[in-house]
Structure formats: structure tokens, C-alpha cells
Protein chains: 2
Amino acid sequence: MDILRRNTDYALRLMVGLARHQENNGSVSTRLLAEEQEVSYQLACKLMQQLHDARLVASCMGPKGGFRLSRRLAEISLLEIIEVVQGPLSLNRCLAKAGACPRAGVCPVRGKIGELQGRMGEYLGGVTLEELAANPGAKETAGERT
Amino acid sequence: MDILRRNTDYALRLMVGLARHQENNGSVSTRLLAEEQEVSYQLACKLMQQLHDARLVASCMGPKGGFRLSRRLAEISLLEIIEVVQGPLSLNRCLAKAGACPRAGVCPVRGKIGELQGRMGEYLGGVTLEELAANPGAKETAGERT
DNA sequence: GTTAGTTGGACTATATTAGTCCTATACGTA
DNA sequence: TACGTATAGGACTAATATAGTCCAACTAAC
């Protein structure tokens with residue numbers, strides 16, 4: 001089972017790519033971004049659209065147009081990007097919205113799962129795009145590679 | 001997005017139900033278990049089968065037959081049950097098996113995600129069926145109910 | 001020997017996710 | 001000011017993964 005969906009992964013790449021272009025403070029075209037990050041152009045369009053709806057990026061149409069981050073790097077968390085693509089973080093349906101599970105009162109698992117979910121949100125909310133963009137690669141997993 | 005699948009939820013219920021019958025130290029029929037835990041009988045069969053394949057429960061056929069936990073309550077973790085139903089815990093495909101992602105070397109997200117995955121496994125591995133069975137209900141979420 | 005009740009496996013339907021295509025819009029250029 | 005090009009945005013289709021059902025084989029009590 002995968003928790004992060006493939007599209008979420010693409011979205012993260014795109015955001016990191018965007019972050020790295022931020023210094024030029026001009027708009028970056030989706031086409032360039034998609035190429036750099038090895039994401040299908042069409043799919044990138046769709047994802048950028050979602051990120052735009054969530055106000056994480058600002059768009060600019062026409063030739064020379066493209067996207068730009070709408071906030072500072074340190075103000076965008078990993079959690080936000082994830083939730084834009086795959087909805088609110090939820091370990092179980094029961095926890096998604098109060099009263100969703102009629103067994104809530106007798107469920108012994110709910111408490112533990114709820115606690116874990118809280119911790120996950122906290123962790124992911126604490127990682128900023130700034131950190132991600134600064135990190136050149138997964139050096140800490142060296143040796144684990146092919 | 002849900003991380004715990006519906007079937008996983010059912011499996012957890014069934015295991016907790018089984019745990020609560022453990023005192024009688026006789027086998028419990030799937031039919032009874034399914035009724036008690038409000039899971040479709042057929043579906044319960046399927047899940048018990050998976051739990052059996054994973055050696056978490058022992059089976060006994062024929063009339064008066066049924067299932068029984070094959071280990072002590074404290075020796076079965078939440079993580080084990082989850083992984084039986086939905087496979088190894090994996091936040092992302094990249095992490096499922098080494099070398100699965102050709103971008104591993106340049107991926108800035110991988111490290112963070114890997115760390116979170118480790119923490120999750122640790123947490124879930126630490127919760128035992130004993131704890132769950134003892135916990136009568138989600139008292140800690142009182143007020144959040146319907 | 002028969003029968004009721006069970007486990008176990010194969011199959012089908014459904015829901016979710018991924019990916020593609022098309023249209024409308026905006027800007028730069030002639 | 002009109003045109004052309006490159007973009008954003010939305011609708012649709014295909015693929016995949018999950019949930020659920022059905023049927024067959026087996027076992028032990030009666």
C-alpha cells in the first residue's frame with residue numbers, strides 16, 4: 001500500500017522545481033517545469049491547476065507566462081502540498097469527519113489511530129518547502145540506492 | 001484519502017473480537033465473530049483466511065470449529081495485522097523496495113518521508129492487541145462523537 | 001453414512017486514481 | 001488593431017486497485 005499517491009509525488013517535484021526557480025522571481029512555464037522534473041506535461045498542467053486552486057501558486061497566462069509560488073518558501077509545508085492533491089490526511093474514514101463511524105463509541109482502535117494521525121500531521125506540517133528545496137538529494141539514504 | 005483500508009478495519013475488529021473470546025480458550029466461529037463485529041460473514045471468511053495464512057490465527061474445521069489466536073495477546077501488534085491485509089507499510093513506492101525509484105539520488109523528499117515512515121512503523125509496532133482488547137471504547141475522543 | 005457447518009479459493013463488481021484530450025483565454029508581435 | 005502562438009483550465013476516458021460475492025472442498029459431530 002502506498003500512502004503518498006503518484007500524483008502527489010509529481011506535485012511535490014513540481015513545487016520543489018518551482019522553488020528552485022524562485023530566485024529568478026519570474027514565472028516558470030509548466031512545460032519547462034515538467035521537463036526538468038520528468039513529469040508528463042499534460043499531467044503537470046493538471047497538477048499546477050490544483051495547486052493554483054489551493055492558492056499555493058499564482059499563474060500568469062500568455063507567452064512568457066507560467067507559474068510562481070504565491071508565498072515564501074518557509075511558509076509552505078509538505079502537508080499542505082500533500083493535502084492539495086489527495087485531500088485531508090486521514091488514517092481512517094472514521095477520523096475524517098466526526099460522527100462518520102457509528103461504532104466510534106465502542107471502537108478500541110480509534111484512539112490509537114487518532115493519536116498517530118495527529119503525530120503525522122504534526123511532522124508533515126513541520127517540514128517546509130524551503131528545507132526540501134535546499135536539500136540537494138537524499139544523501140541520508142546513500143547506500144540504499146540501486 | 002484513507003490510509004487504513006476498510007478491510008483492514010474489519011480485520012482489526014475481528015482480531016479484537018477474537019481476543020475478547022480468548023478467555024474461553026475455545027475456537028470461535030467466523031459467523032459469530034462476524035455478527036458481533038458487524039462485518040459481512042463472507043467478507044469475514046476472506047479476512048480470517050488471510051490472517052490464517054499469516055499465522056496470526058489457528059483454524060479448526062467442522063462443527064464446533066472456528067478460529068483461535070495463535071499467539072498471546074501481547075505478542076501481536078497492530079502493525080502486523082495491518083500488514084497482513086494491506087501489505088508492507090509504505091509511504092511511497094520509492095521506499096517500498098530499494099532502487100525502485102531512479103530519482104532516489106536527487107529526490108529531496110525521500111529522506112523526510114523515509115523518516116516519517118520509520119516513526120509510523122515504530123508506533124504501530126508498539127501497540128499490542130492486548131492494549132486494544134482491554135480498551136473498551138474510544139473514551140479519549142468523547143465529545144467528538146455524533 | 002449422513003448432514004450441518006466450516007474453511008478456503010476463484011471470480012465479479014465497484015470505486016478510486018492516473019492520464020489524455022480539447023477548449024477558451026491572454027499576451028506578445030506584426 | 002488584428003493575428004498567431006503558447007498557455008491555463010476543465011471535461012472526459014482508461015487503467016488499476018479494492019471490496020464484496022459466490023462456489024467448491026473438507027471436517028467432525030450425530
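In what follows, chains are A, B, ... by sequence order, proteins preceding strands, each numbered from 1.
No side-chain heavy atom of A:Glu80 sits less than 4.5 Å from a side-chain heavy atom of A:Val84. Side-chain contact between A:Leu33 and A:Met48 is present, with heavy atoms from C-beta onward closer than 4.5 Å. B:Leu12 is listed as a side-chain neighbour of B:Leu78, based on a closest heavy-atom distance under 4.5 Å.
A:Asp53 places its CG atom 7 Å from the P atom of D:dG9, with the value rounded to the nearest Å. Remark: C1' of C:dT3 and CE of B:Met61 are 15 Å apart, rounded to the nearest angstrom. Distance, B:Glu38 CD to D:dG20 C1': 18 Å, rounded to whole Å. D:dA19 atom P lies 13 Å from atom CZ of B:Arg13, rounded to whole Å. Spacing between atom CD of B:Gln42 and atom P of D:dT21 amounts to 8 Å, rounded to whole angstrom units. Taking atom CG on B:Leu43 and atom C1' on C:dA13, their separation rounds to 14 Å, with Å as the unit. D:dA11 atom P lies 11 Å from atom NZ of A:Lys46, rounded to whole Å. Here C:dG8 presents its C1' atom at 11 Å from OH of B:Tyr41, a figure rounded to the nearest Å.
The main-chain N or O of B:Leu89 is found under 3.5 Å from a side-chain atom of B:Glu83 such that the two form a donor-acceptor pair. A donor-acceptor pair under 3.5 Å links the side-chain atoms of A:Ser70 to the main chain of A:Leu56, judged by distance alone.
For the pair A:Ser40 and C:dT20, the criterion of a side-chain N or O lying under 4.0 Å from OP1 or OP2 is met. The phosphate of D:dA8 (OP1 or OP2) has no side-chain N or O of A:His52 nearer than 4.0 angstrom. A:Gln49 has a side-chain polar atom (N or O) that falls below the 4.0 Å cut-off from OP1 or OP2 of D:dG10. Of the side-chain N and O atoms in A:Arg31, none sit less than 4.0 angstrom from OP1 or OP2 of D:dA6. Put simply, A:Asn7 has a side-chain N or O that comes within less than 4.0 Å of OP1 or OP2 on C:dA18. Taking side-chain N and O atoms only, B:Ser59 has a distance below 4.0 Å to OP1 or OP2 of C:dG8.
Toward the 5' end of DNA chain D, the nearer of the two residues A:Arg6 and A:Thr30, judged by each one's closest nucleotide, is A:Thr30.
Taking the side chain of B:Tyr10 as heavy atoms from C-beta on, and the options C:dT20, D:dG20, C:dT6, the nearest nucleotide is D:dG20.
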